[in-house]
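Accompanying notes for the structure given below.
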Amino acid sequence: MSEYLLLILGTALVNNVVLVKFLGLCPFMGVSNKLDTALGMGMATTFVLTLASAASWVLEHRLLIPFDIGFLRVLGFILVIAAVVQFTEMVIHKTSPVLYQVLGIFLPLITTNCAVLGVALLNIQEQYNFIQSLLFGFGAALGFTLVMVLFAGLRERLALMSVPALFTGTPIAFITAGILSLAFMGFAGLPIK
Amino acid sequence: MNFKPIKTKFDAALAKVKVWLEPENLEQLRPKLGYQTAILAGFALAAAILLGVADLATRGVIQLRLEEDLKAKLEEVIPPEMHDNDLLFDTVTLPSADANLGAAETIVYLAKKQGDVNAVCFKFVAPDGYAGAISLVMGIDKNGEILGVRVISHTETPGLGDKIEISKSKWILSFNGKSLDNVSFEQWAVKKDNGIFDQFSGATITPRKVVIAIRRGLEFYKANQATLIATGEKS
Amino acid sequence: MNAKPISSPHISSARRVDEIMRKVIFALLPALGFGIVIFGWSALFLTFVTVSSAIVFEAICLKLKGGAIESYLLDGSAILTGLLVAMTLPPYAPWWIGVVGSGLAIILGKHVYGGLGQNLFNPAMLARVALLISFPIEMTTWVNVSPFFTGLDILESFKITFSGAEISDAITGATTLGFVKTGFSQAQLLPDLLSDYSGFLAFIGWERGSLGETSTLLILLGGIWLMRQGVIQWFIPVSLLASVTFLSTLFNLIDSTHYLSAWVHLNSGALMLVAFFIATDYVTSPNTPLGQLIFGTGCGVLIFVIRSWGGYPEGTGFAVLLMNSVTPLIDHYIRPRIYGRTRDGKPIEGG
Amino acid sequence: MYVFSAIIILTLLGLALGLSLGIAAKYLKVESDPLVERVEALMPGSQCGQCGFPGCRPAAEAVVLGAAPVTLCPPGGSALVEQLAKLLGVDVDLSQTKDAEPMVARVSEDTCTGCTRCFKVCPTDAIVGAPKQIHAVVADACIGCEKCVAVCPTECLQMHPIDVTLHDWRWHKPQLAAA
Amino acid sequence: MFAFLENPKFRGGIHAEEHKAETCDKPIATNLPLPKKLYIPVQQHVGKPAEPIVKVGEHVLKGQLLAYSQGTISAPVHSPSSGVILDVQDFPAPHPSALPIRTIIIETDGEEKWFKYAIPEKPFELEPEEICLRVGGAGVVGLSGAVFPSAVKLNLGRKNQIHTLLINAGECEPYLTCDDLLMQERASCCVGGIRLMLRGMNAPKAIIGIEDNKPNAFKAMQAASAEFEQISVVQVPTRYPMGWDRQMLRYLTGKEIPADGRATDVGVIIHNVATAYAVYQAVCLSKPLISRVVTVSGGAVSKPQNVEVPIGTLMSEVLAFCDVENEKLARLIMGGPMMGEVLPHADVPIVKASSGILALSHDDIFEPEVKQCIRCSSCVTACPVGLLPLEMASRIKANKLDAAVDLGLKDCISCGSCSYVCPSNIPLVHYFKFASGELFSRQQREHKAEQTKRLAENRTNRMERIKAEADADARRVMEARAARQAAEAQAKVLEENA
Amino acid sequence: MNLSILFSPEYKRIARDGLWDNNVVLTQNLALCPLLAVTGTATNGLGMGLATIAVMVASNGIVSLNRHLIPSEIRIPIFVLLIAALVTLVDICLNAWMHELHKVLGLFIPLIVTNCAILGRVESFASKQEPLPSLWDGFMMGVGFTLVMVILGAMREISSTGTLFANASVLLGESFRFMELTVISDYKGFLLTALPPGGFIMLGFLVAMKRLFDQKAEKKS
Ligand SMILES: Cc1cc2nc3c(=O)[nH]c(=O)nc-3n(C[C@H](O)[C@H](O)[C@H](O)COP(=O)(O)O)c2cc1C
Ligand SMILES: Cc1cc2nc3c(=O)[nH]c(=O)nc-3n(C[C@H](O)[C@H](O)[C@H](O)COP(=O)(O)O)c2cc1C
Ligand SMILES: Cc1cc2nc3c(=O)[nH]c(=O)nc-3n(C[C@H](O)[C@H](O)[C@H](O)COP(=O)(O)O)c2cc1C
Ligand SMILES: Cc1cc2nc3c(=O)[nH]c(=O)nc-3n(C[C@H](O)[C@H](O)[C@H](O)CO)c2cc1C
Ligand code: SF4
Ligand code: SF4
Ligand code: SF4
Ligand code: SF4
Ligand code: FES
């Protein structure tokens with residue numbers, strides 16, 4: 001049990017997908033203007049990422065390996081992920097128009113949110129079993145959501161600060177992300193992995 | 001043979017396809033469920049064929065390249081004059097779960113000269129470097145003396161821990177000629193820990209772990225020395 | 001008279017920004033002075049370099065921004081940041097470490113955000129952590145204590161600070177936290193590792209460490225004076241120190257061979273300095289009492305976690321930066337109760 | 001051979017996913033975008049056309065599509081901008097948007113010929129008066145759209161700022177701090 | 001769980017230099033020369049303006065009704081002296097903008113002849129309704145500055161069956177001592193007023209809260225109320241804004257008024273002590289509210305003191321009476337320094353709300369440069385309401401007014417504590433006033449927009465109807481013509497046939 | 001093909017957009033992951049950029065050709081399918097025939113699949129435009145991306161190790177050894193810029209620099 005907890009924590013904090021692994025940066029920058037949106041995006045990603053981890057594990061171990069067609073891995077994964085995302089998009093569009101409007105073009109972009117494919121591939125690389133894959137995906141998404149929310153909080157405050165015109169908006173957001181990632185380096189070496 | 005009927009048939013078919021491909025026609029088709037399914041499957045089919053063919057064409061080549069890579073690595077730690085066989089194809093697989101080399105089984109490549117095992121070489125891992133696992137390859141002559149060690153991959157900090165790479169520093173060469181016999185167990189350590197190997201200023205952990213991993217590698221060889229050398233004599 | 005009317009109130013208290021900063025600087029001076037006394041000329045040079053470059057960077061940034069320079073330059077915040085950077089540096093660090101540190105703090109930590117009060121992260125800690133990661137060797141070379149300039153003479157010290165002379169191994173050593181961490185990685189256990197440790201000397205500040213952070217006693221005095229002056233409030237220091245004390249005592253009781261006691265924690269590293277002077281920085285900490293308690297506790301927990309299990313011997317800088325990043329969220333969710341309303345903003349029930 | 005199995009598997013995968021997505025699309029279809037209605041409800045509703053669209057509904061549609069900025073409607077002022085930005089989740093620099101000073105039309109009685117043209121174009125019936133008689137503007141109903149000014153043949157209609165009284169007086173925004 | 005972080009009785013607040021010593025031990029000056037002209041605005045209260053009933057040229061007596069109240073929430077105004085009505089016209093109001101307000105101008109005749117009202121024999125035995133009627137008729141409004149018609153409040157108290165009347169004698173603003181002096185000199189009248197109020201509301205008890213920096217007033221009030229056991233006098237700590245009614249209520253009873261409610265929700269009505277005095281005058285002596293005690297103070301005033309001033313006197317005359325040094329004058333304020341309003345000039349009349357005139361010198365208004373907020377959260381600590389002034393101001397600065405409202409802007413009482421403590425001298429209250437005004441304008445605009453929508457719709461409907469009618473007409477004409485043509489054709493045929 | 005169309009206003013506009021006005025990184029804030037992950041050195045940036053150009057051009061072209069065939073409901077799966085196939089193709093081919101290059105870039109090539117910019121271009125440009133402009137757009141966007149990759153890579157490499165285009169000979173072949181420069185010899189090395197935080201911060205300054213240029217240009221005109 002505690003082993004699983006450590007897996008989640010380690011994935012979320014020590015090897016944070018965004019700040020350490022450099023995955024999922026576009027939505028990280030794009031949808032973090034508002035706390036609510038960031039939270040929404042985090043949850044959408046959590047859903048997709050967990051599901052995609054599980055689906056890709058099944059694909060890998062039930063189709064790709066038995067048939068020895070590893071060269072189709074990226075293709076197969078991305079196809080499955082795209083389907084999951086598209087499905088999520090349709091559900092959100094139907095159930096919550098406002099959330100849909102807010103997440104806008106980013107829902108389709110979850111497909112290309114590197115984090116999703118990246119985590120699926122890492123899952124295979126780390127040779128996790130099914131449960132571990134699921135938790136790894138969940139932990140990564142948790143880490144994603146965590147930094148999204150922190151970052152959105154910081155950006156909401158930034159919007160009220162008198163940042164020099166040259167730096168307002170994107171530049172200062174990048175710099176802030178850099179400092180956030182600097183802070184996360186403090187977790188390096190924690191024995192949770 | 002008369003191609004004409006075929007050609008007209010073909011032309012007719014082509015015309016049909018052309019009509020079908022008209023934007024207006026597609027406009028109507030696109031919302032249809034069956035059409036969507038077919039299109040996705042069609043693209044999948046095309047992609048699969050494309051990649052299948054590409055894979056067929058490259059599988060062999062890639063295999064070859066990977067072998068070349070490995071061979072190049074092995075040659076670095078076993079001088080060519082020590083063997084006349086193809087290292088890649090003269091191997092023994094030994095269980096190594098207890099030796100803490102980072103894998104449950106280790107492939108040992110045998111360097112033979114006229115059928116006698118002259119030296120061996122294998123890959124192993126220092127699992128606890130500063131920033132993660134460090135993979136190494138090491139060549140040992142049949143007496144247990146190190147012929148050479150190289151780092152295959154690592155994630156140590158650039159500028160600090162990366163001095164274990166041969167391209168950054170000659171430090172890794174200091175293991176040449178060392179064995180469990182000419183260096184005592186306590187001396188298999190960095191100077192800071194009262195051993196004989198240098199550390200890097202400001203980075204002790206990386207070299208410390210590498211030294212200990214190499215020692216474990218030697219111990220692994222020693223434990224299996226008899227079996228390994230025996231494989232040569234048999235052949 | 002003015003065409004546009006002025007709103008009430010028409011009187012104001014006499015407290016001004018520069019006065020606040022002056023008081024903080026004043027409270028830091030004993031600890032800084034002690035550092036200079038025990039580490040000698042180099043420490044003095046380094047402080048000078050760091051503070052003056054902080055002022056220069058501040059002036060340049062203000063100039064680039066246009067507008068009033070003097071009133072902001074004279075508000076003392078740049079000097080304070082420079083001082084704090086200096087106080088968290090190893091005393092024999094070369095001059096360029098001080099300059100780069102001040103530059104990072106003032107430019108990256110403060111002015112790209114718009115200057116005083118606009119930054120999200122503590123400038124001094126940002127500089128400290130960035131330096132540590134960029135120059136681990138220079139940033140972890142600690143020297144022995146030698147009172148009243150009896151160590152290296154002024155020329156040798158000058159060479160060390162300004163022309164990169166080697167520091168002889170004879171006068172260097174590890175800090176307690178570093179020593180213990182290294183010891184653990186060699187499977188040594190605590191009682192042995194701490195056989196030479198004197199809690200009293202550590203409390204006084206008679207030990208290796210950063211320039212201005214060794215003396216628990218003097219920092220404590222400075223901090224208490226600041227509290228009495230009403231410059232800082234007790235919420236952050238007390239919750240920070242309490243959480244570290246609680247956790248270290250707890251784990252020390254569970255396994256005293258692997259976990260330092262609260263006393264060692266409190267007297268080691270930058271803990272005291274951070275608790276009273278760094279975590280309390282107004283700009284980067286929450287603005288309600290409950291928020292500040294959460295902030296302080298968070299810092300304390302993170303410091304303990306990183307010190308006990310992390311890759312770095314000292315976790316204060318990271319802990320402060322991490323909690324700085326949580327501050328907007330704390331401020332967003334923790335708000336004072338408004339008169340006549342419940343905590344979540346609904347009117348209270350009548351009667 | 002593995003390549004064939006690869007081709008078959010991928011095709012089947014495509015088929016299966018395509019089918020399921022197609023079905024999902026059918027069942028989860030969203031008919032109309034209720035957002036437009038909500039945006040339209042926020043608009044001033046005077047159909048004055050200052051936004052460049054032929055009325056509030058088209059303006060709302062354009063805003064929802066992202067074809068027009070949320071700052072499009074001058075009569076709505078910064079309040080509308082803020083509401084739209086909140087609804088649509090876009091970020092605007094509100095400190096830049098400035099409300100135009102509200103103006104109302106006034107008839108100068110000397111030159112009014114009672115031609116009733118202004119009366120006919122006024123979208124809010126703010127102009128009263130019978131043919132051949134002097135017209136007048138009911139200031140409370142006038143939205144300052146200037147349509148009447150445009151059609152008046154004698155230029156007797158002019159726009160005037162609304163007089164500030166003790167009740168309309170408001171505190172100005174404090175000047176920003178130096179630097 | 002974290003309740004210990006909040007003092008349940010008092011939170012926030014500040015302690016400013018009091019500046020009360022200059023005026024608190026000098027007697028109220030009653031010898032202000034009668035001005036030649038008096039300027040009486042028709043609106044000196046919250047609610048509808050009063051409607052003048054006098055004509056230009058008419059002679060009026062002291063205390064005579066000049067304008068009668070309109071509607072339920074309003075108050076009449078009376079003539080402060082005898083004389084002739086010169087004009088009813090617009091005249092600058094005592095307001096930061098000095099914009100004009102409808103004002104009755106009287107040229108005094110110096111005779112001070114009173115208008116005769118019947119004086120009740122046993123005022124303390126009048127029916128409660130009668131008391132309220134008299135209070136209302138005398139134009140008494142809350143004299144703390146809120147100027148809410150007192151009769152309305154008394155009626156409210158009676159209807160809601162309150163259990164306590166709280167008399168607010170906090171007078172926490174620096175400089176001001178008018179309530180202090182009133183209590184020192186006329187304590188028994190004040191207590192009389194309180195008794196009348198109790199009766200008017202059928203309330204069982206009254207508590208008088210006095211800040212502990214007014215020991216003389218406290219003693220005087222204690223002595224005056226000793227024989228009435230239903231009235232108790234309590235000292236409260238000196239800490240601005242103790243005189244905020246909700247604060248005093250919380251301090252004295254531990255209760256809080258719900259944000260959307262009134263004091264009556266917790267069974268209390270709060271009146272200022274000067275209001276009680278005015279009630280006494282109105283009921284026992286039948287004197288309408290035509291004068292009030294005004295504190296004249298500040299660094300530019302040579303003879304700071306409290307003066308009893310007829311309503312309508314120009315402030316310049318009062319200032320002249322107290323020898324203001326014009327070269328020292330930096331800012332002129334009506335009210336206290338924390339909440340009072342700046343006036344652009346002194347040629348505006350004293351009104352019922354004028355508790356003080358402060359002529360502040362440059363030394364009084366220490367005004368350093370405005371800097372950026374350093375998030376020191378002093379303002380958060382100082383806010384008695386529990387708001388986050390710095391956060392609200394930063395949002396208002398970015399024009400995010402709704403966000404500021406979410407943070408509680410509407411709960412702000414403009415007490416000024418936050419601005420007072422801010423080390424960066426940020427005009428926080430100014431931001432809040434600006435935002436409140438802007439929000440109010442918005443509301444008005446929305447209201448207008450709704451009206452516009454309705455008008456536009458009406459117009460469209462009308463147009464359609466007209467068009468439909470026109471179409472119908474056209475159709476009828478067409479039909480008629482067709483019929484006519486058909487008839488003609490037929491006629492022709494017939495003709496031809498014939 | 002008549003090259004002069006490349007100078008027609010439409011094509012100039014596309015080129016300008018790709019290189020500067022609507023640069024995928026500096027303006028659209030897309031393609032950030034590969035950008036930050038591989039720009040430790042200028043050489044890596046260049047290699048990744050080149051591979052990305054190839055995939056971008058090809059995917060834009062194919063999608064534009066087939067745009068009438070693709071129903072909007074399933075467009076995303078089809079697009080990513082195409083991109084993934086192309087990337088895998090590039091991956092296998094490099095591995096087989098340009099093995100040295102593959103060894104350097106190997107890890108990053110699968111990541112091209114999820115480079116948001118590629119899908120972004122396909123979605124917003126190629127699926128609505130004729131094939132030729134689409135190809136040109138893909139190319140120009142790719143070049144813009146590569147440019148930023150190289151600049152950021154150079155900034156980080158110089159500041160962290162004092163070299164420029166280290167290992168260029170491995171990536172591009174021996175004849176490119178001349179590119180390998182040591183800009184500052186005996187450099188201490190400012191490690192921060194090589195690490196993730198430095199990447200973010202440098203990128204922030206890069207975007208600010210672009211803004212500065214734009215402001216200057218605006219002032220001139
Ligand atoms: C950012 C950073 C990266 C580091 N990287 C390494 C590394 O790769 N290898 C290593 O042995 N030590 C590394 N260290 C240093 C260790 O933290 C530790 O201080 C050092 O190994 C102790 O060596 P010393 O005993 O020579 O001081 C790094 C330190 C920092 C701050
Ligand atoms: C914010 C901050 C972060 C620090 N981080 C480290 C660190 O990671 N490693 C280190 O050896 N010293 C670090 N130091 C220096 C230590 O605080 C301190 O000088 C040293 O560990 C002394 O502790 P000791 O004397 O109790 O052992 C840091 C100092 C500060 C102020
Ligand atoms: C910040 C603040 C301070 C106040 N201070 C006093 C005060 O010192 N004395 C006072 O009588 N009323 C003061 N008031 C007004 C009271 O809240 C309340 O309106 C008044 O006591 C009601 O009495 P009235 O209707 O008789 O004027 C203050 C109000 C506010 C908002
Ligand atoms: C109590 C107190 C603590 C402070 N601590 C710091 C600090 O840790 N680091 C720093 O750079 N500035 C500090 N300052 C100064 C100032 O707040 C700092 O320059 C701002 O962070 C820059 O916007 C402090 C100021 C005060 C009043
Ligand atoms: S400008 Fe505003 S009010 Fe006028 S038509 Fe456009 S949306 Fe409607
Ligand atoms: S400006 Fe003229 S047309 Fe427009 S609302 Fe006013 S009166 Fe009517
Ligand atoms: S003015 Fe408003 S925000 Fe400021 S302290 Fe008073 S109540 Fe609080
Ligand atoms: S008191 Fe002034 S400087 Fe301090 S937090 Fe409030 S607004 Fe900012
Ligand atoms: S490249 Fe856009 S999310 Fe990674």
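Every chain is numbered from 1 and lettered A, B, ... according to where its sequence line falls, protein lines coming before strand lines. Worth saying up front: this structure is predicted, and the values here are computed from it rather than measured.
- Taking CD1 from C/Ile6 and CZ from E/Arg331, the interatomic distance works out to 4.0 Å, rounded to the nearest 0.5 Å.
- Of the listed residues (E/Ser97, E/Ser377, E/Ser424), the greatest number of heavy-atom pairs within a distance under 4.5 Å of chain C belongs to E/Ser377.
- Nearest heavy atoms, E/Gln372 versus C/Gly115: OE1-C, 4.1 Å.
- Other residues, nucleotides and ligands contribute at most 12 non-hydrogen atoms within 6.0 Å of the CD atom of E/Glu17.
- Atom OG of residue E/Ser378 and atom CD of residue C/Gln233 lie 8.0 Å apart, to the nearest 0.5 angstrom.
- Proximity to chain E is absent for every atom of C/Ile232, based on heavy atoms less than 4.5 angstrom apart.
- Contacts between C/Glu19 and chain E at a heavy-atom distance below 4.5 Å are absent for every atom of the residue.
- Residues C/Ser13 and E/Ile14 are not in side-chain contact: their nearest non-hydrogen atoms beyond the backbone lie 4.5 Å or more apart.
- C/Ser7 meets the side chain to side chain donor-acceptor pair (under 3.5 Å) test with E/Lys433; sequence neighbours excluded.
- To the nearest 0.5 Å, the span separating CD1 on E/Ile374 from CE on C/Met21 amounts to 4.5 Å.
- The distance from the CD1 atom of C/Ile338 to the NZ atom of E/Lys410 is 12.5 Å, given to the nearest 0.5 Å.
- E/Leu407 contributes atom CG, which lies 4.5 Å from atom CZ of C/Arg335 (distance to the nearest 0.5 angstrom).
- Interface summary for chain C: among E/Cys415, E/Pro174, E/Gly261, E/Cys373, the most heavy-atom pairs under 4.5 angstrom belong to E/Cys373.
- Only the side chain of E/Thr381 comes within less than 4.5 Å of a heavy atom of chain C; its backbone N, CA, C and O stay farther away.
- Taken from CE in E/Met338 to OG in C/Ser8, the straight-line distance is 8.0 Å, to the nearest 0.5 Å.
- With contacts defined as side-chain heavy-atom distances shorter than 4.5 Å, the pair E/Val429/C/Pro9 qualifies.
- With a threshold of 4.5 angstrom between heavy atoms, E/Cys376 approaches chain C through its backbone and through its side chain.
- No side-chain heavy atom of C/Arg15 sits under 4.5 Å from any side-chain heavy atom of E/Val421.
- Taking the ring pair (Phe, Tyr, Trp, His ring centres under 6.0 Å) definition, one finds that E/His19 meets it with E/Tyr175, sequence neighbours left out.
- With a 4.5 Å cut-off on non-hydrogen atoms, E/Ile333 touches chain C through its side chain but not through its backbone.
- E/Leu388 touches chain C through its side chain: at least one heavy atom from C-beta onward sits under 4.5 Å away, while N, CA, C and O do not.
- For chain C, the nearby parts of E/Asp260 are the backbone and the side chain; heavy atoms of each come within less than 4.5 Å.
- Residue contact with chain C, scored on non-hydrogen atoms closer than 4.5 Å, is absent for E/Pro427.
- In the displayed structure, C/Phe246 atom CZ is contacted under 6.0 Å by at most 12 heavy atoms of other residues, nucleotides or ligands.
- By number of non-hydrogen pairs under 4.5 angstrom with chain C, the leading residue of E/Ala259, E/Ala16, E/Gly335, E/Cys418 is E/Ala259.
- Judged by distance alone, with hydrogens and angles left aside, the side-chain atoms of E/Glu256 form a donor-acceptor pair with the main-chain N or O of C/Gly340 at under 3.5 Å.
- Two residues are said to be in side-chain contact when any heavy atoms from C-beta on lie closer than 4.5 Å; E/Asn425 and C/Arg16 meet this criterion.
- Between chain C and the options E/Pro96, E/Gly416, E/Pro337, E/Gly267, heavy-atom pairs under 4.5 Å are most frequent for E/Pro337.
- In this structure a side-chain-to-backbone donor-acceptor pair under 3.5 Å is present from C/His10 to E/Gly340.
- When side chains are defined from C-beta on, E/Val380 counts as touching C/Pro336, because their heavy atoms get closer than 4.5 Å.
- Contacts of E/Cys383 with chain C are absent, with no heavy-atom separation under 4.5 Å from either backbone or side chain.
- Using a 4.5 Å cut-off between heavy atoms, E/Glu391 contacts chain C through its side chain alone, with no backbone atom that close.
- Between E/Arg375 and C/Asp331, at least one side-chain nitrogen of the basic residue sits less than 4.0 Å from a carboxylate oxygen of the acidic one, meeting the salt-bridge criterion.
- Each of E/Arg250, E/Arg11, E/Gln247 was scored for a side chain to side chain contact (heavy atoms under 4.5 Å, CB included) with C/Tyr339, with one residue passing: E/Arg250.
- In this structure, chain C has heavy atoms under 4.5 Å from both the backbone and the side chain of E/Val385.
- Ranked by heavy-atom pairs under 4.5 Å with chain C, the list E/Ile365, E/Leu428, E/Val268 is led by E/Ile365.
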